[in-house]
Amino acid sequence: MCELYSKRDTLGLRKKHIGPSCKVFFASDPIKIVRAQRQYMFDENGEQYLDCINNVAHVGHCHPGVVKAALKQMELLNTNSRFLHDNIVEYAKRLSATLPEKLSVCYFTNSGAYHGHLSSLIEISPYKFQKGKDVKKEFVHVAPTPDTYRGKYREDHADSASAYADEVKKIIEDAHNSGRKIAAFIAESMQSCGGQIIPPAGYFQKVAEYVHGAGGVFIADEVQVGFGRVGKHFWSFQMYGEDFVPDIVTMGKPMGNGHPVACVVTTKEIAEAFSSSGMEYFNTYGGNPVSCAVGLAVLDIIENEDLQGNAKRVGNYLTELLKKQKAKHTLIGDIRGIGLFIGIDLVKDHLKRTPATAEAQHIIYKMKEKRVLLSADGPHRNVLKIKPPMCFTEEDAKFMVDQLDRILTVLEEAMGTKTESVTSENTPCKTKMLKEAHIELLRDSTTDSKENPSRKRNGMCTDTHSLLSKRLKT
């Protein structure tokens, strides 16, 4: 394997030449990755890591079909979309064929995701503006997350979908009473960074009804959860029924399997309204022949290798394995997900559902030592998120869960809880809870989620990990 620098020198040069706001995974002990193949990544020493978090490498790292398509087109032509070329129209046609009929007009961009690099996007991203110094703008309204495990309306509510949708309705009414109008409602079809949240059935239909009634449009964000990841459907929003069709769909990340390409798909009516404003849309790299060739290759591979079917089969198998772990380990409060999009909600108390933030950070570092890459997210950074390349196998799932089982067992023993049969939170009296002395011991390491939260994402909470490691030798 070819390296320009030693790991130590690479770290030193990164600190010198790369902006300090650009973070790395596992900050206290970052991994230097030099190559990857399918669902595996390799460091400079040749150590293999099972990748459980890279949803960008959708069909597998360095898939030869994607590499070949990019190389073949790069040898011929790469230019902008103001010249006629077949790739962009073929790709738009193929993408549209996967969507409901009314979603037929594409606007290609050159970035695989948007994370609030523009102030206009930061302003509509609570994940961003709640971290920084900016406060919510008066024209932005944040609806409660439709979380039936930890949210306002939980699994025992008679109609959580309607209850959460009514919160949106109330926001609309309050906006109208303040003399404002509604432009749009935007949400991930399943929340990823929000903690792997799947809205209750019927929620989006009701929200769309209220938003449309107010003159707004519904935007479904499929950047992290699209392209067959849920298994049963190609797009996550399709899980909620044929009677729910967004007005705009955003997509990216897995589109190019690591190549930067993204797209906004909308209706003919909205596209014509945008055009009539007199504003031209042009993106220097959006829809270029190479990007479209890569995108077409990804679609071909998903179909030819039945990766959507694999997501369903392996996802179901993995979910069943994790449910068995939930019955065994007191730290696991909830297992939720569909296909290869799964969250493990870690708690210190099944009755109170107290987020186990420090424990989650400890676990992802220990999993890294076992050569398994996981990350933690959600508002409290206590949800282990699993969204691997779509070629993930049942053997990979078993290996990952076996490592997690061992780490949880040692961790819970160190915390003073027994690894034994755990009943539902509906009967919390039968569940072994954390010892009060240990809860007190961990309290100073489990800081508030609003305190410099950027350091806590994906293994970057170094103080928490080092503190917990000193106390819990696993």
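These values consider heavy atoms only, across backbone and side chains, with no hydrogens, waters or symmetry-generated copies.
Looking at S375 and K385, their side chains come closer than 4.5 Å, going by heavy atoms from C-beta outward.
Pairs passing the salt bridge (charged side-chain N to carboxylate O under 4.0 Å, His left out) check and including a residue from residues 388-403, sequence neighbours excluded, read K398-D402. Here side-chain hydrogen bond (donor to acceptor under 3.5 Å, both in side chains) pairs that include residues 312-324, with residues two or more places apart or in two chains, are D306-R313. Applying the side-chain hydrogen bond (donor to acceptor under 3.5 Å, both in side chains) test to pairs two or more places apart or on separate chains, none has a residue in residues 177-187.
A pairwise comparison of heavy atoms in S236 and S189 identifies CB-CB, 3.6 Å as the closest pair. A pairwise comparison of heavy atoms in L103 and I248 identifies CD2-N, 4.4 Å as the closest pair. For the residue pair P146 and Y203, the shortest heavy atom distance occurs at CG-CE2, 3.7 Å. Closest heavy-atom contact between M190 and I338: SD-CG2, 3.6 Å. In terms of heavy atoms, H350 sits closest to H329 at NE2-O, 4.3 Å. Residues M390 and A311 share a closest heavy-atom pair of CE-CB, 3.8 Å.
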* To do: Decide ring pair (Phe, Tyr, Trp, His ring centres under 6.0 Å) for F227 and F234; before the verdict, give the C-alpha distance in whole Å, the side-chain angles of both, and the deciding distance to 0.1 Å.
  => CA-CA 5 Å; F227 291 88; F234 199 82; 5.6 Å; yes

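From C391, atom SG reaches atom CD1 of I302 across 11.5 Å, with rounding to the nearest 0.5 Å.
The cationic group of K368 lies under 6.0 Å from the six-membered ring centre of F26 and within 45° of the ring axis, placing it in a cation-pi geometry.
Considering R38, Q39, M41 as possible partners of H61, the one that fulfils the side chain to side chain contact (heavy atoms under 4.5 Å, CB included) test is M41.
Using a distance-only test at 3.5 Å, with no hydrogens or angles considered, a donor-acceptor pair links the side chain of N257 to the main chain of H58. Checked by atom type and distance alone, the side chain of H212 pairs as donor or acceptor with a backbone atom of A208 at under 3.5 Å. D345 places no side-chain N or O within donor-acceptor distance of the main-chain N or O of I332, the cut-off being under 3.5 Å. E222 places a side-chain N or O within donor-acceptor distance of the main-chain N or O of F237, the cut-off being under 3.5 Å. When atom types are taken as modelled, the side chain of R229 and the backbone of P254 share no donor-acceptor pair closer than 3.5 angstrom. For R150 (side chain) and D147 (main-chain N/O), no donor-acceptor pair under 3.5 Å exists by modelled atom type. A distance-only check finds no donor-acceptor pair linking the side chain of S104 to the backbone of S96 [under 3.5 Å]. A donor-acceptor contact shorter than 3.5 Å links the side chain of S276 to the backbone of A273. In this structure a side-chain-to-backbone donor-acceptor pair under 3.5 Å is present from N304 to D300. Listed for the Q238 side chain is a donor-acceptor partner under 3.5 Å among the backbone atoms of W235.
Qualifying side-chain hydrogen bond (donor to acceptor under 3.5 Å, both in side chains) partners for E188, counting only residues two or more places apart in sequence or in other chains: S192. For Y240, the ring-ring contact (aromatic ring centres under 6.0 Å, His included) criterion is met by F204, not counting sequence neighbours. Every ring-ring contact (aromatic ring centres under 6.0 Å, His included) that H157 has, sequence neighbours left out, goes to Y153.
Around CD of E101, the count of heavy atoms belonging to other residues, nucleotides or ligands within 6.0 Å does not exceed 12. Other residues, nucleotides and ligands contribute over 12 non-hydrogen atoms within 6.0 Å of the NZ atom of K102.
Of the N and O atoms on the side chains of Q205 and D243, at least one donor lies less than 3.5 Å from an acceptor on the other residue. Side-chain atoms of N382 and T357 form no donor-acceptor pair, as typed in the model, at a separation below 3.5 Å.
A salt bridge links R381 with D377: at least one charged nitrogen is closer than 4.0 Å to a carboxylate oxygen. Ionic pairing of R353 and E155 is present here: one or more N-O contacts between side-chain nitrogen and carboxylate oxygen are shorter than 4.0 angstrom. A salt bridge links E90 with K93: the closest approach of a Lys/Arg side-chain nitrogen to an acidic carboxylate oxygen falls below 4.0 angstrom. Checked for salt-bridge contact, R154 and D156 miss the test: no charged N lies under 4.0 Å from a carboxylate O.
In this structure, the ring of Y107 has its center less than 6.0 angstrom from the ring center of F274.
The aromatic rings of F108 and Y91 lie parallel to each other, with less than 30° between the two planes, well short of the 60° mark.
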